[in-house]
Amino acid sequence: MTAPTRDRYRIIIVGGGVVGLFTSYHLARAGAGPILVVERGFLSSGASGRNGGGVRQQWETRATVRLAREAVGEYRRFGREFGLNPYFRQGGYLFLAESPSEAERLRAVHAIVASEGLPSRLLRPEDVARIAPDVARDRVIAASYLASDGTLYPFPVLWGLYERVRALGVEVLLGVEAAGVVRTEGRAGGIVTASGPIAAERVVNAAGGWSAEFSRRAGLEPANAPTRHEILATEPVRPFLDPMVIRLSDGLYVSQTMRGELVGGRTMPHPPGTAGGMSTSVDLLPAMARSLVDLLPRTAPLRILRAWSGYYDDSPDGLPIIGEDPRLPGFVQANGFGGHGFMLAPASTRRVAQAVLGERSDLDPATFGPARFLDPDRPSTPERLQPG
Ligand SMILES: Cc1cc2nc3c(=O)[nH]c(=O)nc-3n(C[C@H](O)[C@H](O)[C@H](O)COP(=O)(O)OP(=O)(O)OC[C@H]3O[C@@H](n4cnc5c(N)ncnc54)[C@H](O)[C@@H]3O)c2cc1C
């Protein structure tokens, strides 16, 4: 579908990635239609079709642990509700520390996660061998592990959402760009497209790595910014790696899919912005080869099948930006998810939907709301456990 069936909606969502589609799902379930989602590319053209599929509940921030735990429950039920199996495999997440400060960070994470009732474990290097025997442990001094974390295939999630929301009456336009926001009496009153304006009572900015750009199109200076992240997949080999493994020192994350490929990335020094495009840099392959073989020596003979990249949408404090923007009533921010929007989407978009409907949610606006960046003196509660 590329043309809207009406000229006025109650809600328009800009961006048809996992955040936009899940938001439309919660809103449709709440009977909040008519709802329009506009996506300028194809389904999965953004980060939602380019990520590592990692779903973890180990965080420094208590509210994020709760969102992630709820999301794990939703992904476990996803097949039943949406009719497609995302193959959510709970093989655990294993974080590795190589320095006292990294070990201290993992201890703090473990304390928060365990106090939320999740059976996270702090491991000694010798315990790591029982969970991931092929991981090189010579520099590892501590690790944290939660068995119910895991990985999934992102595409069935998008396809399942796409079919389900349309069955619930949501219109999803693919190949349609929101070029701007209609302002009506100081409020967001719809969007502008190449075919003309479309009116709405509320506009949701779920444009992922382009949400800062879309905020600017609405006349708002954004706090978030996109950064390119690269990722690759090797040829498939016999399964040997159960958990997603993350090394804090170089931001390396790697998991093995059910087909046997190793999928992962690492921190690369890309500056913020979209100027470099979603390409693969020549530096990725040697950097990843070094990191991967160092962590998993048995990967040395493996060939790389493909590499690609996408944008993290980074907020200054590493936490999502959720809520109505006080500078433009009717304009709701649903972005700033960094490298974690897929794992947080099912739960966080329920709160986005509440914000759209003017309902209170359990999220503290001082921690998640867009207004937190408008006061330079506000105390910040950053989430710094960023890789994977
Ligand atoms: C390499 C990589 C690895 C990652 N690994 C993980 C992981 O393991 N686990 C995890 O949870 N997360 C991971 N992420 C992050 C995760 O993919 C994102 O946080 C999540 O997909 C964001 O979803 P979204 O819907 O906000 O954005 P997107 O999926 O990017 O969707 C936004 C959409 O908006 C559209 N759009 C933009 N501007 C406009 C406009 N003006 N008009 C209409 N449409 C517009 C875009 O075309 C895009 O499709 C990773 C990301 C990358 C790049």
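Read the numbers this way: they start at 1 and go in the same order the structure lists the ligands and their atoms.
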(message) Whether Arg62 engages the ring of Trp59 as a cation-pi pair (distance to the six-membered ring centre under 6.0 angstrom, angle to the ring normal within 45°) should be assessed.
(response)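 No; the conditions do not both hold, so Arg62 does not lie above the ring face of Trp59.
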(message) I'd like to know if Arg105 pairs up with Glu60 as an ion pair, taking the criterion as any Lys NZ or Arg NE/NH1/NH2 lying under 4.0 Å from an Asp or Glu carboxylate oxygen.
(response)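 Yes.
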Taking distance alone, with no angle check, do [X] and ligand 1 share an N/O pair under 3.5 Å?
{"X": "Met343", "answer": "yes"}
{"X": "Gly52", "answer": "yes"}
{"X": "Ala178", "answer": "yes"}
{"X": "Gly341", "answer": "yes"}
{"X": "Val19", "answer": "yes"}
{"X": "Gly209", "answer": "no"}
{"X": "His229", "answer": "no"}
{"X": "Gly54", "answer": "yes"}
{"X": "Phe342", "answer": "yes"}
{"X": "Val18", "answer": "yes"}

Check contact between [X] and ligand 1, using heavy atoms of the residue and a distance below 4.0 angstrom.
{"X": "Gly338", "result": "yes"}
{"X": "Gly339", "result": "yes"}
{"X": "Val55", "result": "no"}
{"X": "Arg217", "result": "yes"}

(request) Look at the aromatic rings of Phe22 and His26 and report parallel, tilted or perpendicular, splitting at 30° and 60°. (result)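 Ring orientation of Phe22 relative to His26: parallel.
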(message) Please verify the inter-ring angle class for Tyr153 with Tyr87; under 30° counts as parallel, over 60° as perpendicular, anything in between as tilted.
(response)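 The arrangement is perpendicular - the two ring planes meet at more than 60°.
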(message) Take a 6.0 Å sphere around CZ of Arg29 and say whether it holds more than 12 heavy atoms from other residues, nucleotides or ligands.
(response)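 No, because the 6.0 Å sphere around CZ of Arg29 holds 12 heavy atoms or fewer from other groups.
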(message) Please determine whether the number of non-hydrogen atoms from other residues, nucleotides or ligands lying under 6.0 Å from atom CD of Glu185 exceeds 12.
(response)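 Count not over threshold, so no.
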Side chains of residues 188-196: which donor-acceptor partners sit under 3.5 Å, not counting sequence neighbours?
unit_1 : atom_1 : unit_2 : atom_2 : d
Thr193 : OG1    : Ser195 : N      : 3.2
Thr193 : OG1    : Gly196 : N      : 3.4
Thr193 : OG1    : Gly196 : O      : 2.8

Is there a donor-acceptor contact under 3.5 Å linking the side chains of [X] and [Y]?
{"X": "Ser211", "Y": "Asp313", "result": "yes"}
{"X": "His110", "Y": "Ser120", "result": "yes"}
{"X": "Arg76", "Y": "Gln90", "result": "yes"}

(request) For atom 40 (C) of ligand 1, state which one of Ile12, Val14, Asp313, Thr23 supplies the nearest heavy atom. (result)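 Nearest heavy atom to atom 40 (C) of ligand 1 lies in Val14.
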(message) Heavy atom to atom 21 (O) of ligand 1, shortest distance: which of Gly310, Ser48, Ala71 holds it?
(response)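 Shortest heavy-atom distance from atom 21 (O) of ligand 1: Ser48.
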Between [atom1] on residue [X] and [atom2] on residue [Y], distance to nearest 0.5 Å:
{"X": "Ser281", "Y": "Met268", "atom1": "OG", "atom2": "CE", "answer": "4.0 Å"}
{"X": "Ile322", "Y": "Phe337", "atom1": "CD1", "atom2": "CZ", "answer": "4.5 Å"}
{"X": "Asp317", "Y": "Ile321", "atom1": "CG", "atom2": "CD1", "answer": "7.5 Å"}

Looking at [X], which atoms of ligand 1 are within less than 4.0 Å of one of its heavy atoms?
{"X": "Ser45", "result": "47 (O), 49 (O)"}
{"X": "Gly15", "result": "33 (C), 34 (O), 35 (C)"}
{"X": "Val38", "result": "43 (C), 44 (N)"}
{"X": "Trp210", "result": "30 (O), 37 (C), 38 (N), 46 (C), 48 (C)"}
{"X": "Gly53", "result": "7 (C), 8 (O)"}
{"X": "Ala207", "result": "32 (C), 34 (O), 37 (C), 38 (N)"}
{"X": "Val176", "result": "43 (C)"}

(request) Would you mind listing the cluster partners of Trp210? Hydrophobic ones only (ILVMFWY), side-chain contacts under 4.5 Å, chaining allowed. (result)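 In the cluster with Trp210 are Met278, Tyr311.
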(request) State yes or no: are the ring centers of Phe82 and Tyr25 separated by less than 6.0 Å? (result)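 Yes, the ring centres sit under 6.0 Å apart.
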At under 4.0 Å between heavy atoms, which part of [X] makes contact with ligand 1: side chain, backbone, both or neither?
{"X": "Arg50", "result": "backbone"}
{"X": "Ala206", "result": "backbone"}
{"X": "Tyr253", "result": "side chain"}
{"X": "Glu213", "result": "neither"}
{"X": "Ile231", "result": "side chain"}

(request) With salt bridge (Lys or Arg N to Asp or Glu O under 4.0 Å) as the test, would you mind laying out the steps for Arg121 and Asp127 before giving the verdict? (result) CA-CA 10 Å; Arg121 288 165 57 197; Asp127 305 323; 5.6 Å; no
